Number of protein chains: 2
Amino acid sequence: MTETAPNASGGNPLDQFLCFSVYAAGLAFNRVYKPLLDPYGITYPQYLALVALSSKEGQTVSELGEKLHLESNTLTPLVKRLEAAGLVTRTRDTQDERVVRLGLTVAGSNLAKTALGCVPAEVLAATGMDQAALEELNGNLATLGATLRDFAGR
Amino acid sequence: MTETAPNASGGNPLDQFLCFSVYAAGLAFNRVYKPLLDPYGITYPQYLALVALSSKEGQTVSELGEKLHLESNTLTPLVKRLEAAGLVTRTRDTQDERVVRLGLTVAGSNLAKTALGCVPAEVLAATGMDQAALEELNGNLATLGATLRDFAGR
DNA sequence: TGCGATTAAATCGTGTGCGATTTATATAGA
DNA sequence: TCTATATAAATCGCACACGATTTAATCGCA
């Protein structure tokens, strides 16, 4: 829960907890992204996956999972939906048949480029933050996430 | 997406985005909470609901939703699970039968007290942050969340 | 070579979130 | 009064997350 200050009189007690601010900000980001991504027919986690897949061809499900901090139980269905949408390719590695290699189709690559061309600017505007504040907050949250994952064992 | 810096060479491109840091920190908090809450038989959102319900007796589903930033489509099933677990009471308001009044049972109240007595301290330790840094980050995230909700229309 | 251990991905069940709709109740105005 | 409108909660379907397990393939080592 991680309290920040003694509970003020009338307010929401949850507002005192960092974990809740993170939780609520995550919900809020999703609500900003939803109408921006709906035209592309993808969800926010799917968008993250496409961006992660853009950086390198032939990544495995595990490699994608390291970038998203997710595992195959979450990623396999997500990636299959992207495959069904014609955005991603899934191929068993011929050297090691346990491994699935992921790639973007032309449509997937184009969608990622197009979305990255407009969506981030709109989200940036929605935050109402300047670049310096944004970078500082991002750095602090990245550190916090890494510390928590380390504590939790992943 | 909200970028913070030009994409560095080898790293994870997602790490440059504030939205992803928030998303990943949320996942990480959940992973820290899970083993701490499992002994009580509740989930993290259920824990938040119990804390919110502790602050006032007889809150409506809508009032709880304002505190958690959720609506009845999410809260009704969650609250029914807490009721089934014997932690929460649900009663139709006699003055206005549309409204459901929520309360904590003795068990629910005790669980909230007990959990608040130990869990936050452990989570605080897991963050590895001091009180000042924690409060600053909490404030920045609360502001960001409010700005994003305002932009999204809730 | 063979067989137990390890690894990668997939599968299954549960609990969120949420858009869209429905149900039930209350309110307002002609 | 009667009916249209508004409101509170519930319902439904879908897409995550994730613990636990399963399936399939590879590796290690005698």
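Chain identifiers are assigned alphabetically (A, B, ...) following the order of the sequence lines, protein sequences preceding nucleic acid strands; residue numbering begins at 1 within each chain. Worth saying up front: this structure is predicted, and the values here are computed from it rather than measured.
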Original post:
Toward the 5' end of DNA chain C, which comes first, A:V61 or B:D96, by nearest nucleotide?
Top reply: A:V61
**OP:** Please list, by residue number, the residues of residues 72-86 of chain A whose heavy atoms come closer than 4.0 Å to an atom of DNA chain D; answer none if no residue qualifies.
**Re:** A:N73, A:T74, A:L78, A:R81
Contacts table for residues 99-120 of chain B: side-chain donor-acceptor under 3.5 angstrom, sequence neighbours left out:
residue, atom, partner, partner atom, Å
B:R101, NE, B:D93, OD2, 2.8
B:R101, NH1, B:G58, O, 3.0
B:R101, NH2, B:D93, OD2, 3.0
B:T105, OG1, B:G86, O, 2.7
B:T105, OG1, B:L87, O, 3.2
B:T105, OG1, B:A107, N, 3.4
B:T105, OG1, B:G108, N, 2.9
B:S109, OG, B:K113, NZ, 3.1
B:N110, ND2, B:V106, O, 3.4
B:T114, OG1, B:N110, O, 2.8

Original post:
Can you tell me how far P of C:dG17 sits from CZ of A:R31, to the nearest Å?
Top reply: 10 Å
**OP:** Hey, could you give me each pair passing side-chain hydrogen bond (donor to acceptor under 3.5 Å, both in side chains) that has a residue in residues 72-84 of chain B? Not counting sequence neighbours.
**Re:** B:E83-B:R90
Original post:
ring-ring contact (aromatic ring centres under 6.0 Å, His included) between B:Y44 and A:Y23: does it pass, once the steps are laid out?
Top reply: CA-CA 10 Å; B:Y44 175 59; A:Y23 168 82; 5.8 Å; yes
Original post:
Could you give the CG-to-C1' distance, from B:N30 to D:dC16, as a whole number of Å?
Top reply: 12 Å
**OP:** Determine the minimum heavy-atom distance between B:L78 and B:P45, stating which atoms define it.
**Re:** CD1-CB, 3.8 Å
**OP:** Nearest whole angstrom, please: distance from the P of C:dG19 to the CG of A:D38.
**Re:** 9 Å
**OP:** Answer yes or no: does a side-chain N or O of B:Y23 lie under 4.0 Å from OP1 or OP2 of D:dA17?
**Re:** yes
Subject >> Nearest-neighbour nucleotide for the B:Q46 side chain, D:dA9, D:dA15, C:dG15 considered >> reply: C:dG15
Subject >> Pairs meeting criterion salt bridge (charged side-chain N to carboxylate O under 4.0 Å, His left out) with involvement of residues 30-39 of chain B, two or more places apart >> reply: none
Original post:
Under a 4.0 Å heavy-atom cut-off, which of residues 62-70 of chain A touch DNA chain C?
Top reply: A:S62
Original post:
Looking at C:dA9, C:dA26, D:dG19, which one has an atom nearest to any side-chain atom of A:R154?
Top reply: D:dG19
Original post:
In whole angstrom, what separates B:E97's CD from C:dT23's P?
Top reply: 19 Å
**OP:** Go ahead and name the base partner of D:dA30; Watson-Crick or wobble counts if both distances stay under 3.5 Å, otherwise write none.
**Re:** C:dT1
Original post:
With sequence neighbours left out, which residue pairs that include part of residues 59-75 of chain A fulfil the salt bridge (charged side-chain N to carboxylate O under 4.0 Å, His left out) condition?
Top reply: A:K56-A:E63, A:E71-A:R154
**OP:** Determine yes or no for a side-chain-to-main-chain donor-acceptor pair under 3.5 angstrom, with B:Q59 supplying the side chain and B:S54 the backbone.
**Re:** no
**OP:** Find the distance B:D93:CG to C:dT25:P and express it as a whole number of Å.
**Re:** 13 Å
Subject >> Whole-Å gap separating P (C:dA5) and CZ (A:R98) >> reply: 16 Å
Original post:
Looking across every strand, which nucleic acid part, if any, lies under 4.0 Å from B:R101 by heavy atom: base, sugar-phosphate, or nothing?
Top reply: nothing
**OP:** Please state how far atom CD in A:E71 lies from atom P in C:dT11, giving the value in whole angstrom units.
**Re:** 16 Å
**OP:** Respond yes when some side-chain nitrogen or oxygen of B:T43 is under 4.0 Å from OP1 or OP2 of C:dT14, and no when none is.
**Re:** no
**OP:** Quick one: closest heavy-atom pair of A:A24 and B:R149, and the distance?
**Re:** CB-NH1, 3.8 Å
Subject >> Minimum heavy-atom distance between A:T147 and B:G128, given as atom pair plus value >> reply: CG2-N, 4.3 Å
Original post:
Could you give the CD-to-P distance, from B:Q95 to C:dT27, as a whole number of Å?
Top reply: 10 Å
**OP:** Would you check if A:T43 and A:L37 make a side-chain contact, meaning some heavy-atom pair closer than 4.5 Å?
**Re:** no
